[in-house]
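One structure is given below, encoded as structure tokens.
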Amino acid sequence: MSQIVTKAIEDAIKSVSDELEKKGFPKLPIDKNPPMGDFAIICFPAAKTLKKSPDQISKEISLEIQKNKLVKRAINVKGYCNIDINWNTIANSVIEELKNSKYGSTNVKSEKILIEHTSANPTGPFHMGRARNPIIGDSLARLLSYYGHNVDTEYYVNDTGRQAATLAYGISNYESKGKNKIDHRLVESYRKASNELKTNPDVKEKIYRKMELIESGDKSALNDVKNSAKKMLRGMKESLKELEAEALNYYHESDLIATGKVETVIKKLKESELCQEEKGAYYLDLKEKKIAGRNQKFFFTRENGLSLYTTRDIAYHIEKFKNYDRAINILGEDHRLQSRLLEIALEELNSKIPEAVFYSFVNLPGGKMSTRAGRVVYLDDVMKDIVELASKKLSSSELDESRKKELAKQIGIGALRYNILKVQAEKGFTFNIDEALNLQGDSAPFSMYSHARASAILRNYGESIPELTSITFLQETEIKLLRTLTKWPYIIEKSVTDLSVHNIPNYIHSLSSDFNQFYRDCPVINSDNSEFRINLVFCSKKILCEGLSILGVKAPERM
RNA sequence: GGGCCUGUAGCCUAGCCUGGAAGGGCGUCUGGCUUCUAACCAGAAGAUCCAGGGUUCGAAUCCCUGCAGGCCCGCCA
């Protein structure tokens, strides 16, 4: 909450409570976030002791406090006494607070945070299911950085193991030429190799030989898989760039082997009290750790002594904490157990442990997405469709063509990101292309449009934003808008604490809605109250712009 | 067999941690552009908050028991 408003409300609550206590009312619970007004007194608990109905008590209370100077009005509804504070007296200082560039951020100590997101195996173009990952990760990074932290993002490139070896084999043996985007092209080679692996024992042996070379640290094999992965990644990065969600760094798993970091981890894990050995393979015994499932053995080496996927992930996280205070991972729900095992291993090694944000997979209307069944929706295709749709809607606009093209992209990509971000991550959702392509209502264009309206007013106003001089008498819709604006820091704080981005679209939508109502009720230019109103427009535009930028959505001046 | 996540109008969803008046949006119906941008606004209809029990003055929210859907339980990644 805005500090000024928080204080005004606290003062009013105290004053009212003291007054009621003097009159012999018992202490009653307060709702600080009521459906109407600024706070509400809940009268139900007093019904028994006072032997009156909650409604009766509420009426008496509202009469008692009617004269209180801090109370603008008190309305009783069904046992709730809803109280408005006097916004006229604080409005100007609230506006000053909102105009401050630090509004919404914090003065807590800035932490160095690494957000690992996407990290999809580089074996083919992104599916819609995976698209949730970069969008959530990227927006979380924007949120934490807006709040005042020092945030980097990283993509962990899985370029060792069977899939990576298969890809490398596919690219060197059946690289297909064509005009398609490189990842869409290379995935054909990968599929071919993958099929051969299953049916041709000769190919299978070659790929498995490669795998062993990789894991044992053979330099040329490591180079081969790394370069193959990079090739595929070139196309995937283009998609991420289009999505405005590209990671800052790319960390290759192969480097963990090449630099011997994995070996060090294996050596240290063997010293753990939980460590056991079975036919030359080492594992941590998790019987005491209450880990779900049948298998309580967490293997970190094979019989041949070489590392496994999680072993390398442990090494990776130890590296992370050398440079960062916190590590946050954006992971699909299939990684939950995996992530828990990682935590246990890191605890054994006295390391810090990462925080995780899990998201559920995206389904398609007829069922789940499946590569095998050919039920796949590519991110690239969705982005193309949604940008095209935005473009169609702009066709009658008077803007020039290059500007239209840019706008269509901003609107389309914005709508896609918003559509995914507005749902909490753990909730599974069915990707409905029609719903995503609907650019009305609770969507990015709605807020972008409000922002453009605010921009239009400021443009037409033409002068710089005036300092506030006189006391303002506010209308209902002005108070409603101002009240929403004051809640911004609270929304940010809550989202940062919970690592949940979905609160932001939610808030941005109500802010836009409040702004549109204000737009209808309160002309700004040539109004008696234009001095205050232009300030309100300025602040609304500012928060809309900042909120949208956290979502990775552009806020154009015209649309 | 076990563990975790989810269940709110025809559809999508917020609220659940920290108990107090069920919020939005889509779709449907009605009305509003000679006035700062109608991708907007106003109004109407639409909810056994998965089911059953418990705690409480009060439960979508907390506890217990079920049910349904998703995910996981490999010396794969």
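- The environment of CD in A:Q338 is crowded: more than 12 heavy-atom neighbours from other residues, nucleotides or ligands sit within 6.0 Å.
- Heavy-atom distances to RNA chain B give each of A:S360 and A:Q440 a nearest nucleotide, and the one nearer the 5′ end belongs to A:S360.
- Residue-level contact check: A:L394 touches the bases, meaning some heavy atom is under 4.0 Å from a base atom.
- Contacts between residues 413-423 of chain A and RNA chain B, defined by a heavy-atom separation under 4.0 Å, are made by A:V423.
- A:N82 comes within contact range of at least one nucleobase, with a heavy-atom separation under 4.0 Å.
- Straight-line distance between the P atoms of B:U48 and B:G3: roughly 32 Å, to the nearest whole Å.
- Listed by residue number, A:R336, A:L337, A:Q338 are the residues of residues 336-344 of chain A with a heavy-atom contact under 4.0 Å to RNA chain B.
- Checked against side chain to side chain contact (heavy atoms under 4.5 Å, CB included), A:P34 has the following partners two or more places apart in sequence or in another chain: A:D31, A:A40, A:N82.
- Taking atom C1' on both nucleotides, B:U61 is separated from B:U18 by 10 Å, rounded to a whole Å.
- Along RNA chain B, read 5' to 3', the first and last nucleotides having any atom under 4.0 Å from a heavy atom of chain A are B:G1 to B:A77.
- Not a single side-chain hydrogen bond (donor to acceptor under 3.5 Å, both in side chains) links A:R130 to another residue, sequence neighbours left out.
- When heavy atoms are screened at a 4.0 angstrom cut-off, A:H335 is found touching no nucleic acid atom at all.
- When the ring-ring contact (aromatic ring centres under 6.0 Å, His included) test is applied to A:Y283, the partners found at least two apart in sequence or on another chain are A:F299.
- Contact annotation for A:K494: base contact, defined as any heavy-atom pair under 4.0 Å involving a base atom.
- In this structure, A:M448 reaches neither bases nor backbone, as no heavy-atom distance under 4.0 Å exists between it and the strands shown.
- When the C1' atom is compared between B:A38 and B:A22, the two are found 31 Å apart, to the nearest whole Å.
- When heavy atoms are screened at a 4.0 angstrom cut-off, A:C522 is found touching base atoms of the nucleic acid.
- For A:K393, there are no salt bridge (Lys or Arg N to Asp or Glu O under 4.0 Å) partners, not counting sequence neighbours.
- Nucleic acid contact class of A:E398 (heavy atoms, under 4.0 Å, all strands): none.
- Applying the side chain to side chain contact (heavy atoms under 4.5 Å, CB included) test to A:K206 and every residue at least two apart in sequence or in another chain returns A:Y169, A:D202.
- Across all strands, A:A164 comes closer than 4.0 Å to no nucleic acid atom at all (heavy-atom distances).
- Considering only residues two or more places apart in sequence or on other chains, A:Y251 meets the ring-ring contact (aromatic ring centres under 6.0 Å, His included) condition with A:Y316.
- Residue-level contact check: A:A452 touches the bases, meaning some heavy atom is under 4.0 Å from a base atom.
- Summary of the strand contacts: A:K393 and A:T310 both lie near RNA chain B, and taking for each the nucleotide with the nearest heavy atom, the more 5' one is attributed to A:K393.
- Contacts of A:I291 with the nucleic acid, taken as non-hydrogen atoms under 4.0 Å apart, are absent.
- Within 4.0 Å (heavy atoms only), A:I42 reaches at least one base atom of the nucleic acid.
- Here the separation of B:C5 from B:C16, taken at their C1' atoms, is 14 Å to the nearest Å.
- Among the heavy atoms of the strands lying under 4.0 Å from A:F44 is at least one base atom, whether or not backbone atoms are also near.
- Partners of A:Q517 by side chain to side chain contact (heavy atoms under 4.5 Å, CB included), not counting sequence neighbours, listed by chain and number: A:T477, A:K480, A:S513, A:D514, A:R520.
- Residue A:Y519 is in base contact, counting any heavy-atom pair closer than 4.0 Å across all strands shown.
- Shown here are the side chain to side chain contact (heavy atoms under 4.5 Å, CB included) partners of A:A456, two or more places apart in sequence or in another chain: A:R459.
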Only pairs under 3.5 Å count here: list side-chain donor-acceptor contacts from residues 418-428 of chain A, not counting sequence neighbours, and write none if there are none.
from: A:Y418; atom 1: OH; to: A:D442; atom 2: OD1; distance (Å): 2.6
from: A:Y418; atom 1: OH; to: A:P505; atom 2: O; distance (Å): 3.0
from: A:K422; atom 1: NZ; to: A:D442; atom 2: O; distance (Å): 3.0

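- Note on A:R533: nothing from the nucleic acid sits closer than 4.0 angstrom, heavy atoms only.
- Atom NZ of A:K32 has 12 or fewer heavy atoms from other residues, nucleotides or ligands within 6.0 Å.
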